[in-house]
Enquirer: 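Just dropping this structure here.
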Amino acid sequence: GGGKAINEAMEKAGLTPPTEAELRAAISGSATAALVAHEDNPSDAILIERALKRDGISLELRAADTKDKFIAAMNEGPWDAVLSDYNMPGFHGAEALKLVRQKHPELPFIFVSGAIGEGQAIELLKNGATDYILKDSLARLVPAVQRSIREAQQHRERGRFEQELRESEHRFRCLVEHALDAFFLESQGHIEFANPAALKLLGAESETNLLGMPLMSRVEPAFRKAMEDLLDTARAGKPTTFVELSLLRLDGVTVLTEIGAVSLTVAGQKATQLIAHDIQWRKEATEAARKAEESIRQAQKMEAIGQLAGGI
């Protein structure tokens, strides 16, 4: 609606009235485009299209002057934005906004109307409208369309990034939670995270038994200097190698481990990730094998002595 407002706006904008061919195209709604124009006045649709093209937006409009055409256009998508008159007979602009928000929560929706009160405008914005432009102020249309499309794109990209980040964090947590090696996260000298393997290594029933505990309290005194050197190297951003350190379980029993470290940033704070292998069993197995080998050698020696004595 608003033929008079359109004529005045066309005069202000220095635009000529639409041709008969343009009017027929707008009425037929045959053009596939990135913008949907919910508008019952073909002159309005053409004026908006010309304003967009004149200011460098290479987009055309899909004119939709009835509810059925509007719904059909929305189902065809995807669209970059919706432009809608407010006072539309049979299918009010507010109804169009409600429909769009139900199916396309993030799609920019801009009202372009000949007359709209401040109270109505505020209510429309509260209900999800992106912006509103008066038809006698079409100079604002192109910046509003460009800004709304840009912000919607940024919002989608941010949402996609956040989703990818959540998925990445989930994969990492699954990996760490099911890892056979012990993972610790140290920040400012305290344990901030421990995976199930770390809990088992230190004999803790739950993560709460370790969180906030000074890391050095879980290192056997004779190995604390080696742990400090390892942490200093990692915090300096230098590569580290696995070193043998003896840790203290909560029950006071020592367990020999190989520990590596790497510096990282978590929630804006510097932290150190520690990965520990339990090598107590390996040491014990090596010692048992050494003793067994020694016993065999001793037995062979005694046998040789016996054979030598028997031959005398």
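We're numbering straight along the sequence, starting at 1.
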Enquirer: Tell me the closest heavy-atom pair linking A261 and A234, and the distance in Å.
Expert: CB-CB, 3.8 Å
Enquirer: When you look at R156 and Q153, which way does the side chain to side chain donor-acceptor pair (under 3.5 Å) test go after all the steps?
Expert: CA-CA 5 Å; R156 287 193 297 271; Q153 177 65 22; 2.6 Å; yes
Enquirer: Does K238 come within less than 4.0 Å of D232, counting only side-chain N to carboxylate O?
Expert: no
Enquirer: How many angstroms lie between CZ in R140 and OH in Y132, if you round to the nearest 0.5 Å?
Expert: 7.0 Å
Enquirer: Taking H190 for its side chain and Q188 for its backbone only, find out whether a donor-acceptor pair lies under 3.5 Å.
Expert: yes
Enquirer: Looking at E169, H170, E177, which one forms a side chain to side chain donor-acceptor pair (under 3.5 Å) with R173?
Expert: E177
Enquirer: For residues S84 and I110, determine if any side-chain heavy atom of one lies less than 4.5 Å from a side-chain heavy atom of the other.
Expert: no
Enquirer: Looking at F193 versus F183, is the centre-to-centre ring distance below 6.0 Å?
Expert: no
Enquirer: Is the side chain of H178 donor-acceptor paired with the backbone N or O of C174 at a distance under 3.5 Å, no angle test?
Expert: yes
Enquirer: Are any of the side-chain nitrogens in K200 or D278 under 4.0 Å away from the carboxylate oxygens of its partner?
Expert: no
Enquirer: Taking T130 for the side chain and F109 for the main chain, is one N or O donor matched with an acceptor at less than 3.5 Å?
Expert: yes
Enquirer: Tell me if a side-chain donor or acceptor on Q120 pairs with a main-chain N or O of G117 at a distance below 3.5 Å.
Expert: yes
Enquirer: For residues Y86 and H92, establish whether the separation of their ring centroids is below 6.0 Å.
Expert: yes
Enquirer: For D229, does its backbone N or O pair with a side-chain atom of T233 as donor and acceptor, under 3.5 Å?
Expert: yes
Enquirer: Would you mind writing out the side-chain donor-acceptor pairs for residues 204-221 within the sub-3.5 Å range, not counting sequence neighbours?
Expert:
| unit_1 | atom_1 | unit_2 | atom_2 | d |
| --- | --- | --- | --- | --- |
| S206 | OG | T208 | OG1 | 2.7 |
| E207 | OE2 | A194 | N | 3.2 |
| N209 | OD1 | E205 | N | 3.1 |
| N209 | OD1 | S206 | N | 2.9 |
| S217 | OG | P214 | O | 2.6 |
| R218 | NE | L248 | O | 2.8 |
| R218 | NH2 | L248 | O | 3.4 |
| R218 | NH2 | R249 | O | 3.2 |
| E220 | OE1 | S246 | OG | 2.5 |

Enquirer: Determine yes or no for a side-chain-to-main-chain donor-acceptor pair under 3.5 angstrom, with T66 supplying the side chain and K69 the backbone.
Expert: yes
Enquirer: Name every donor-acceptor pair, under 3.5 Å, that has one atom in a side chain of residues 269-277 and the other anywhere in the protein, sequence neighbours excluded.
Expert:
| unit_1 | atom_1 | unit_2 | atom_2 | d |
| --- | --- | --- | --- | --- |
| T272 | OG1 | E186 | OE1 | 3.0 |
| H277 | ND1 | D181 | OD1 | 2.8 |
| H277 | ND1 | D181 | OD2 | 3.2 |

Enquirer: Would the distance check show the side chain of W79 and the main-chain N or O of P108 forming a donor-acceptor pair, the cut-off being under 3.5 Å?
Expert: no
